[in-house]
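Read the structure below first, then the notes.
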Number of protein chains: 2
Amino acid sequence: MSRFDISIDDILMAMGRPALIDREAILEAGLAIADEQGLESVTMQAVAERLGVTPMALYRHVANKSTLLDGLVELLLAEFLPPPAGLPWPERLAGVAGAIRESAHRHPAVFPLLLQRPATTRAAREMRASIFRALEEAGVSPERAARTERLISTAILGFATSEVAGRFSRCSRRELDLDFDLLQDLLRGFIDDQVRR
Amino acid sequence: MSRFDISIDDILMAMGRPALIDREAILEAGLAIADEQGLESVTMQAVAERLGVTPMALYRHVANKSTLLDGLVELLLAEFLPPPAGLPWPERLAGVAGAIRESAHRHPAVFPLLLQRPATTRAAREMRASIFRALEEAGVSPERAARTERLISTAILGFATSEVAGRFSRCSRRELDLDFDLLQDLLRGFIDDQVRR
DNA sequence: ACCTGAACACCGTTCAAGT
DNA sequence: ACCTGAACACCGTTCAAGT
């Protein structure tokens with residue numbers, strides 16, 4: 001009846017044995033399901049089952065399904081490792097673009113969500129910062145850098161999303177590789193333009 | 001018991017009185033709900049209720065919810081009217097881009113789906129054709145036109161999606177207007193580049 | 001032909017209860 | 001603290017039945 005019905009021993013014993021699941025395990029299970037069976041297969045029940053637990057157990061670790069999906073997006077962002085700092089900026093930028101595209105191919109179901117969430121998480125800021133540094137090194141003025149970065153990352157995300165979400169389903173992989181090369185030329189020309197002003 | 005339990009009179013009477021709903025009414029109700037309350041509020045029950053009908057009645061007119069959503073995308077595409085043919089190509093292209101962006105602002109919930117469906121419907125082909133004609137007039141060779149068109153429309157769709165789906169939620173409308181202007185400059189420069197080769 | 005009632009399997013989520 | 005059982009409101013969908 002009262003809250004003291006739970007004995008201290010009970011609590012200590014519960015604390016002693018490690019939790020069956022945690023936030024990270026939940027997100028990884030969700031991402032695996034999304035990769036294997038698509039986003040609509042990511043249900044609380046499916047995630048729980050993969051972890052050998054009941055759906056209700058998830059709610060101690062994630063607020064609800066919507067924040068679980070936010071967490072999946074975070075997981076993708078965390079994969080966008082900043083490229084090696086030693087390289088000259090064009091190669092660093094190409095590295096970032098390539099890493100983003102590869103992530104899209106690994107996670108075609110979750111990737112489109114990237115375009116739909118404010119890029120305010122730590123990993124998102126880091127990716128932005130790495131593009132910023134490349135632009136700075138290229139000679140883009142700080143006043144222009146933010147806008148330039150937005151357009152560059154939007155173009156890359158838009159292309160990668162179209163590619164994996166099926167808008168280009170009639171194009172061969174080879175065609176799309178060439179598209180991507182051309183996109184990078186386009187962005188390169190754009191940056192040169194921004195520098196010249 | 002047998003199928004002849006339905007009398008011809010019954011059928012004629014049913015045929016005589018006009019159907020309560022049809023595919024078009026369903027799609028328009030779905031779009032209205034999406035615009036007003038977001039995509040996740042578009043349920044079979046909500047659409048049916050708006051039409052004064054039970055959810056089961058919808059299934060005679062649309063195969064299932066997924067094709068209903070496809071229909072909403074179609075509705076957006078139908079709004080991308082081809083620009084007046086008399087104008088010079090740069091203005092026509094700007095017209096298309098502006099029309100796409102306006103559609104995104106009118107239908108922020110449905111618009112992101114455009115990036116996720118193969119662009120094979122009639123309206124999608126028409127929009128592509130109008131960009132093609134502009135590129136041709138600009139002097140882009142036919143071999144380059146398809147790839148150029150893909151990159152242009154991807155950039156526009158990607159930007160408009162980011163804008164209405166919340167990725168730029170920290171930017172003011174004025175900032176985004178300037179972003180869009182710059183995007184069009186970028187695309188213009190890209191086309192000039194394609195012509196020069 | 002077109003719509004409804006009843007029914008099913010499946011969702012997300014809450015809350016009290018167990019350990 | 002962490003998980004479960006029971007329960008609720010709400011989904012999408014099917015099918016037989018009504019008119």
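Just so it is clear: chains get the letters A, B, ... in the order the sequence lines come, proteins before strands, and each one is counted from 1.
Distance CG (B/Leu51) to P (C/dC2): 15 Å, rounded to an integer number of Å. In this structure, CD1 of B/Ile26 is placed 12 Å from C1' of C/dC3, rounded to the nearest angstrom. In this entry the distance linking OH of B/Tyr59 with P of D/dA16 reads 17 Å, nearest Å. Between the C1' atom of D/dT13 and the CZ atom of B/Arg60 lies a distance of 14 Å, rounded to the nearest Å. Spacing between atom CD1 of A/Ile21 and atom P of D/dA1 amounts to 16 Å, rounded to whole angstrom units. C/dT13 atom C1' lies 11 Å from atom CG of A/Leu58, rounded to whole Å. Separating the CE atom of B/Met44 from the C1' atom of C/dC11 is a distance of 16 Å, rounded to the nearest angstrom. If you measure from atom CG of B/Leu39 to atom C1' of D/dC11, you get 15 Å, rounded to the nearest angstrom.
Taking only side-chain atoms of B/Lys65, from C-beta outward, the nucleotide of D/dT13, C/dT13, C/dC3 with the closest atom is D/dT13. If you check C/dT13, C/dC3, D/dT14 against the side chain of A/Pro55, the one that comes closest is C/dT13. Listed nucleotides D/dT13, D/dC3, C/dC2 differ in distance to A/Val53; the shortest reach to its side chain belongs to D/dC3.
OP1 or OP2 of D/dG12 has at least one side-chain nitrogen or oxygen of B/Gln45 nearer than 4.0 Å.
Along DNA chain D, the nucleotide nearest A/Leu20 and the nucleotide nearest B/Thr43 are compared for position; the residue whose nucleotide lies closer to the 5' end is A/Leu20. Each of A/Glu40 and B/His61 lies near DNA chain C, and the nucleotide nearest B/His61 is the one positioned closer to the 5' end.
Across all strands, A/Met56 comes closer than 4.0 Å to base atoms (heavy-atom distances).
C/dG18 is paired with D/dC2 under the Watson-Crick or G-U wobble criterion, all donor-acceptor distances under 3.5 Å. When Watson-Crick and G-U wobble pairs are counted only if both distances are under 3.5 Å, C/dG12 pairs with D/dC8.
Under the 4.0 Å criterion applied to side-chain N and carboxylate O atoms, B/Asp177 and B/Arg173 are assigned as salt-bridge partners. Look at A/Arg150 and B/Glu163 and you find no salt bridge, because none of the NZ, NE, NH1 or NH2 atoms lies under 4.0 Å from a carboxylate O. Residues B/Glu137 and B/Arg133 are not paired through a salt bridge, judged by the lack of any N-O separation under 4.0 Å between the basic side chain and the carboxylate.
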Checklist entry - Yes or no on side chain to side chain contact (heavy atoms under 4.5 Å, CB included) for B/Phe111 and B/Leu157, after CA distance, side-chain angles and deciding distance? => result CA-CA 9 Å; B/Phe111 193 87; B/Leu157 291 175; 3.7 Å; yes

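A/Leu75 and A/Ile26 fall within the same hydrophobic cluster, defined by Ile, Leu, Val, Met, Phe, Trp and Tyr side-chain heavy atoms under 4.5 Å apart, directly or through other members.
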